[in-house]
Amino acid sequence: MNNLLDLPSPLIHLTSEFLREKAVDLWIKREDLIHPHLSGNKWRKLEFNLEERKKQQKKGILTFGGAYSNHVYATAAAGQLFDFPTIGVIRGEATLPLNPTLSFASKAGMKLDYVDRTTYRDKEKLKSMYQAQYPDYYLLPEGGTNIYAIPGCARTVEELSNQLDQLPDYICLACGTGGTLAGIVSGLMGDSKVLGFSALKGDFHQQDIQQLLAEANIKDPKNWSINTDYHFGGYARRTPALDAFITAFNTNYGIPLEWIYTGKLMYGIFDLIEKGFFPKGSKIVVIHTGGIR
Ligand SMILES: *Cc1c(COP(=O)(O)O)cnc(C)c1O
């Protein structure tokens, strides 16, 4: 099935006067180029879940998310590409016309089901309700983050070690649930440090990631940390400064970023480079987790 996908994802070296001056060696792994609709970390998190669906002989996949969820979008795309039915349980009321995410999902064949926010909040109850209603569906949690997401995300690091002579000093990526970071950490050998940049307000990542690693029986290598300085007010919040940075980055490096995850990440990295956070000569790989439509 992977001949539909562009793997390994390209690793691009970024060059500019600024980076030369600051003496950091900056690379970007373009996971956003894996597939136009199944991009970035959402494919990585799905890969082994798709196999698990087959193993469990479930007919389709049912998953959960907000109305703008990249994961819901990617699951719908996977269903269409690999030919299995999908159901998206969407938080909140149905609004018409459908937004671009849900419109894509619907056209890709996903059945949409809306759940009010109060009901949605009780994840365990919601899950058992839907599993009872759709016993022949494989249930995937919000964001696609579960233990099967981990080996898929570890593949990113496997590819990296083939693409570089040695693993970088730093691997940087954006975090929502932290599932992708857990997978990257699990696949990592050597001394790289993993820096997660939170796209959300709050300190829950640390615990969630530790819990996920424990659940997957992976010894925490403790080589990672979460930076919470660049969420710009919280999930999906944006500011003129962030928008200006994204435009300038695209002009200077020819790479698109979005403002929910990768824009905030790259803003944070450039700010930290400016402030001298990374020692001179550091090799940094940024994971472009996708999210561009
Ligand atoms: C979903 C998403 C993330 C967050 O991934 P987690 O595994 O939930 O931390 C990061 N970047 C992009 C572009 C995403 O769509």
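Counting convention: from 1, in listed order, for ligands and their atoms alike.
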Provide the number and element of each atom of ligand 1 under 4.0 Å from a heavy atom of Gly291. 13 (C)
Are side-chain heavy atoms of Tyr137 and Pro85 found at a separation under 4.5 Å? yes
protein heavy-atom neighbour closest to atom 3 (C) of ligand 1 works out as Asn41 ND2, 3.3 Å
Is it true that, when you exclude Lys193 itself, more than 12 heavy atoms of the residues, nucleotides or ligands shown sit nearer than 6.0 Å to its NZ? no
So is Lys42 in contact with ligand 1, going by heavy-atom distances below 4.0 Å? yes
List the residues meeting side chain to side chain donor-acceptor pair (under 3.5 Å) with Thr119, not counting sequence neighbours, and say none if there are none. Asp116
Which of these, Thr180, Thr145, Leu200, has its nearest heavy atom closest to atom 7 (O) of ligand 1? Thr180
Check whether Lys264 reaches the backbone of His231 with its side chain - one donor and one acceptor, N or O, closer than 3.5 Å. yes
Heavy atom to atom 10 (C) of ligand 1, shortest distance: which of Tyr261, Tyr73, Phe197, Tyr68 holds it? Tyr261
Is Thr289 touching ligand 1 with its side chain, its backbone, both, or neither, if touching means heavy atoms under 4.0 Å apart? both
In this structure, are over 12 heavy atoms from other groups packed under 6.0 Å from Lys58 atom NZ? yes
With a 4.0 Å cut-off on heavy atoms, is His288 in contact with ligand 1? no
In terms of side-chain heavy atoms, does Gln56 have a donor or acceptor partner in Glu52 at a distance below 3.5 Å? yes
Residue pair Lys283, Gln166: steps toward the side chain to side chain donor-acceptor pair (under 3.5 Å) verdict: CA-CA 10 Å; Lys283 187 178 205 140; Gln166 62 189 85; over 6 Å; no
Close-contact set for ligand 1 against Cys175 heavy atoms, below 4.0 Å: 9 (O)
Specify side chain, backbone, both or neither for His71, according to which of its non-hydrogen atoms lie closer than 4.0 Å to ligand 1. neither
Numbered atoms and elements of ligand 1 in range of Lys45, under 4.0 angstrom, heavy atoms: 5 (O), 6 (P), 7 (O), 8 (O)
Does a donor on one side chain sit under 3.5 Å from an acceptor on the other, for Tyr261 and Asn70? no
Best match, Gly178, Gly176, Gly290, Gly263: closest heavy atom to atom 4 (C) of ligand 1: Gly176
Suppose we measure from atom 8 (O) of ligand 1 to each protein heavy atom; which comes out shortest, and what is that distance? Thr177 OG1, 2.6 Å
For Asn70, the ligand 1 atoms whose distance to one of its heavy atoms is below 4.0 Å: 14 (C), 15 (O)
Using the rule that two of Ile, Leu, Val, Met, Phe, Trp, Tyr join whenever any of their side-chain heavy atoms come within less than 4.5 Å, decide whether Trp43 and Leu181 are in one cluster. yes
